[in-house]
Amino acid sequence: MKKKIIFIPLTIVVTVFLIILILDLMGPGFSRDEILIGGSTTVLHYSQMLADEYMKQNDGVKIICEGGGSTPGLIAVKNGSIDIASTSRHLADDEDDESTNSYLIGKDSVGIIVNPSNPIDTLTLDQVKDIFSGSIDNWSAVGGTMSNIQVISRPSESTTLKGLKEIVMKGEKMAGSAIIASSAQELSVEVADDPCAIGFVSLKDISDNVKVIKINGIEMNRSTILTERYPITRAFYYVIYDKPGLEAQNTESNIFDKVAGFFADDAANSLQAKREAIFRFLEFVQSPQGQKILEDNGSVAVY
Amino acid sequence: MNLKKAFLLFIMLLFIIVIIPSKPLQSATVSRSIHIRGSDTVMTLMQYLAEEYMKQNPNEIISVTSSGTDRGIKAIIDGTAQIAMASSDINSDLSRRAEEKGIKLVRTIIAYDAIVPIVNPKNPVSNLTVEKLREIYTGDISNWKAVGGNNSEIKLTTRDFKSGTFEGWKLLVIGNESIISPKATPLDSKSMRSVVATSTNAVGYSAFNYIDSTVKPLSVNDIAANKDTIKSGTYPLTRQLLLYTREDLPENAKRFVEYVKNNASKYAQASGVFPIE
């Protein structure tokens, strides 16, 4: 009789623990986590690549990427309507506060290329702007031969063109006489074939058949992009608004927390799960795999 | 008997398994790389040092970004960067935040710099005392003729308020008793140079290494800013350029900071700053 009385509650306890153990092993949540990334339209391109790969590897996560601009993105992440804001600039002072953390995720840059026969070695940023806008239309104006400059450009959706516009053009339009090449490869071929041509490509698209111009005497390479000494460079960030109070809960998560969490307030639980999902994605972005995706798409690895 | 023992053993094992905490969520920062953020005045020197260090250590990734002194220091407190470049001491808000988080910060001087008032090359004024500069920047003087110049209104420009250069100007010129005139337009260093270069009545101030031939530097208290007057401290508007790091800095970043301390003087000249002697 005694043995039986002990046996039944013991079975109940064991069963409960078994259930919770199974739930724990199933992962942070048995519903699909959804992460919303919004902000800079140029980082959007990178976010989509990262999200696609991450979702392939993680069934339980859905990542939606949007544009909208860096500033609207920052406002949205702070009011909770998105989970990660992507920016192609650093935070302004009134945007940075106790709960706001900005993580550098990559840097991209634009290389200026000319025909290998072109005697020009270096240009200033202003000269690059004036050439691409058409204000300077002869190579002699920048110390080259007496010949018309032929600008080769890309279609408006090109991220490299967007980078050039954002970093160099300062609102000025591209020269009307520009030839539009549909790809980086095609642009390089145009430049390689025409002694008077000038174009632009990202680091990964630099080919042997063209000459890369220095800017203010500074060569474009991985190091000068990392330090931003090469002037046509830009850093990207993911900005997270880490609501106060959750930080303390999140450093360790053992089964008792999960048990408590399971029975606790649903909203706090899902906030916690969301926060974990965001940080897991961020870790992926910072991992060698994530950084390689960025590199393959025109950035340099920053981790 | 056997079944019961097995059952009890099973329960014990279960208890052991569930009490072991699951893997704690890692902080999102990793120490395979070194991220440096902060003052653009200190940045040029750090760029040279980082590039040389990466040449010698090809597996290191060192990123340098300008963000202003305060953003840089906040980033190391947040853990989103490892080294902050500062052209002024940490402010009280950030100091308090570090304290609240139990973070101890290490301050390292790596060079000296000077802040120099700049005017348009056509402006006949060549020298101002610190007091006159203060009066101009608080709005007490609003016409160049009050300081021996033309009869024209002074167009006042300043650096953006959280930049280290503004902090330095506030410390060295405006002082704690006065407030900068609301008429002063806050600009970044490039825009300020551009405005001063093109407006005959504009005045601004710049870190020594950002002055170029488009603007005219003024001497202060009859002392011109140059290598000798800055190092000797006779030029009045001199400041220390610093790195801030956390005491729990990862090994690879510690090694780089040591490298910076030992090699900053090599690149000081090229960066327009002055080495520590």
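Letters A, B, ... are given to chains in the order of the sequence lines, protein chains preceding strands, and every chain is numbered from 1. If you're wondering where the values come from, they're calculated on a predicted model, not measured in any experiment.
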Whether over 12 other heavy atoms sit under 6.0 Å from A/K78 NZ: yes

I want to check something: taking the side chain as every heavy atom from C-beta on, are A/H90 and B/R37 in contact at a cut-off of under 4.5 Å? no

Is the number of heavy atoms from other residues, nucleotides or ligands within 6.0 Å of CD (A/E172) greater than 12? yes

Please state whether the side chain, the backbone, both or neither of B/E100 comes within less than 4.5 Å of a heavy atom of chain A. side chain

Heavy atoms of other groups near A/K170 NZ, more than 12 under 6.0 Å: no

Whether over 12 other heavy atoms sit under 6.0 Å from B/D212 CG: yes

What are the two closest non-hydrogen atoms of B/M54 and A/T227, and how far apart are they? CE-CG2, 3.9 Å

Shortest non-hydrogen contact between B/K74 and A/T100, atoms and distance: NZ-O, 2.8 Å

Taking B/H35 for its side chain and A/V302 for its backbone only, find out whether a donor-acceptor pair lies under 3.5 Å. yes

Kindly compute the distance separating CD (B/Q47) from OG (A/S223), expressed to the nearest 0.5 Å. 11.5 Å

Atom pair CG/CG of A/D96 and B/D78 - distance to nearest 0.5 Å: 6.5 Å

CD-NZ distance between A/E98 and B/K101, expressed to the nearest 0.5 angstrom: 8.0 Å

Give a yes or no on whether A/K274 atom NZ has more than 12 heavy-atom contacts from other residues, nucleotides or ligands under 6.0 Å away. yes

Between chain A and each of B/M46, B/E51, B/R97, count heavy-atom pairs under 4.5 Å; write down the option with the most. B/E51

Return the OG to CG distance between B/S67 and A/D93, rounded to the nearest 0.5 Å. 9.0 Å

With only heavy atoms counted, which part of A/D97 is less than 4.5 Å from chain B, the side chain, the backbone, both or neither? backbone

Quick one: closest heavy-atom pair of B/T80 and A/N101, and the distance? CG2-CB, 4.2 Å

Could you grab the distance from atom CG of A/L104 to atom CD1 of B/I36, nearest 0.5 Å is fine? 11.5 Å

About how many Å separate OG1 of B/T44 and CD of A/E228, when rounded to the nearest 0.5 Å? 12.0 Å

Can you name the nearest heavy-atom pair linking B/I61 to A/A301, along with the distance? CG2-O, 3.8 Å

Report, as yes or no, whether the 6.0 Å neighbourhood of atom NZ on A/K292 holds more than 12 heavy atoms from other residues, nucleotides or ligands. no

Least distance between heavy atoms, B/V64 atom then A/K107 atom: O-NZ, 2.8 Å

Which atoms of A/T233 approach chain B - backbone, side chain, both or neither, heavy atom under 4.5 Å: neither

